[in-house]
Amino acid sequence: MKKMLALFTAAMLSTAAFAADTVLPAPVKKGGMALSEALNLRQTCREYKPDMLSLQQISQLFWSAFGVNRPDGKRTAPTARNRQEITLYMLTAKGAWAYAAKENKMIQVSTKDLRKMAGIFNAPLYVVIVSNRKLSGDTPRSLHFAAMDAGYVSQNIYLAAASMKLGTCAIGSVPKPAVLEKELKLTQSEKVFLTHSVGFPK
């Protein structure tokens, strides 16, 4: 009976990610894989199984990438002058969601499968790193720091994926950034900087 209940709960956690607006389970903030082990396992993956991540794994991934880790609202990745100009989006076969870090929540922005606009790999999930020039500034120096900030988030994704035995690949040459920005309903000051394919390695 307990085994059946555990399987049912796991199935619910996997499918619940496709609800409209979804509050994620709390991320695990203590214990887990040692940093040295995650660094040792960190690598790029380009081939994935079709299996979708659970809600707990999604929560851990996005919180690790750019979640809130202090009462004052500061994040797991640094940003120049604490501008926090980055927003993360999740793409799956069922649609697209914006990550609301303060609420640890996914807010649906599309019901379309936009993954092919983000990368060429058959991954069940894509993370889209968006930078807002209105917050970061539009000078060459500001854009330089914004790119650095996106890099910090990207490395967090790599380490989080390694710690959960997931595969990921950072994609700088996004196939259709302008179309993706339109589909995600971004403002003129918001631009796709980088994407990550994520899934279970083959």
Side-chain angles (χ1 to χ4, degrees), residues 3 6-19 22 24-67 76-77 86-99 101 104 106 110 112-130 150-177 180 184 192-202:
K3 187 175 180 181
L7 290 172
F8 176 76
T9 302
M12 288 297 291
L13 286 175
S14 294
T15 57
F18 301 134
T22 304
L24 298 171
V28 178
K29 299 180 181 180
K30 292 185 178 180
M33 182 180 288
L35 175 60
S36 56
E37 188 175 353
L39 286 167
N40 187 53
L41 292 174
R42 192 221 65 80
Q43 59 182 299
T44 292
C45 174
R46 295 179 176 85
E47 294 185 354
Y48 305 92
K49 296 178 182 178
D51 311 62
M52 185 58 188
L53 280 65
S54 70
L55 270 185
Q56 185 64 56
Q57 289 170 320
I58 291 170
S59 176
Q60 200 68 32
L61 178 69
F62 280 82
W63 176 80
S64 300
F66 199 49
T76 55
I86 288 172
T87 303
L88 301 181
Y89 288 82
M90 177 178 73
L91 311 182
T92 75
K94 301 294 183 178
W97 289 259
Y99 175 56
N104 196 39
M106 287 295 181
S110 176
K112 298 179 183 178
D113 184 354
L114 306 176
R115 291 174 297 167
K116 288 185 178 180
M117 299 178 188
I120 62 172
F121 308 118
N122 290 322
L125 185 150
Y126 272 84
V127 180
V128 181
I129 301 175
V130 171
Y152 299 138
V153 172
S154 177
Q155 180 70 322
N156 280 2
I157 292 172
Y158 266 112
L159 293 176
S163 72
M164 292 187 283
K165 305 294 178 69
L166 298 171
T168 189
C169 178
I171 302 164
S173 298
V174 180
K176 296 182 178 181
L180 182 57
L184 293 177
V192 172
F193 259 36
L194 196 65
T195 67
H196 270 261
S197 52
V198 183
F200 296 93
K202 276 189 177 181

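When a residue number appears, it is its place in the shown sequence, counting from 1. Given the structure is predicted, the values throughout are model-derived calculations rather than measurements.
Counting non-hydrogen atoms of other residues, nucleotides and ligands closer than 6.0 Å to CD of E47 gives a total of 12 or fewer. For K29, the NZ atom is densely surrounded, since the number of other residues' heavy atoms within 6.0 Å is greater than 12. Within 6.0 Å of atom CG in N122, 12 or fewer heavy atoms from other residues, nucleotides or ligands are found, so the atom counts as exposed in its surroundings.
Between atom CG of residue L61 and atom CG of residue L88 there is a gap of 8.5 Å, rounded to the nearest 0.5 Å.
Taking both residues in full, the closest heavy atoms of G119 and Y126 are given as C-OH, 3.3 Å, listed atom of the first, atom of the second, then distance. P124 and K49 get closest at one heavy-atom pair: CD-O, 3.7 Å. Taking every heavy atom of both residues into account, S197 and C45 meet most closely at OG-O, 4.3 Å. When all heavy atoms of G167 and Y48 are compared, the pair lying nearest together is O-CE2, 3.4 Å.
I58 places a side-chain heavy atom less than 4.5 Å from the side chain of L125. Side-chain contact between Q60 and V28: present, with at least one pair of heavy atoms (C-beta onward) separated by less than 4.5 Å.
Side-chain N/O atoms of T44 and Y158 include a donor and acceptor closer than 3.5 Å.
The list of salt bridge (Lys or Arg N to Asp or Glu O under 4.0 Å) pairs with a residue in residues 114-129, not counting sequence neighbours, reads D113-R115.
Aromatic ring orientation, F62 versus Y99: tilted (interplanar angle from 30° to 60°).
A donor-acceptor distance shorter than 3.5 angstrom exists from the side chain of T195 to the backbone of A118, with no hydrogens or angles considered.
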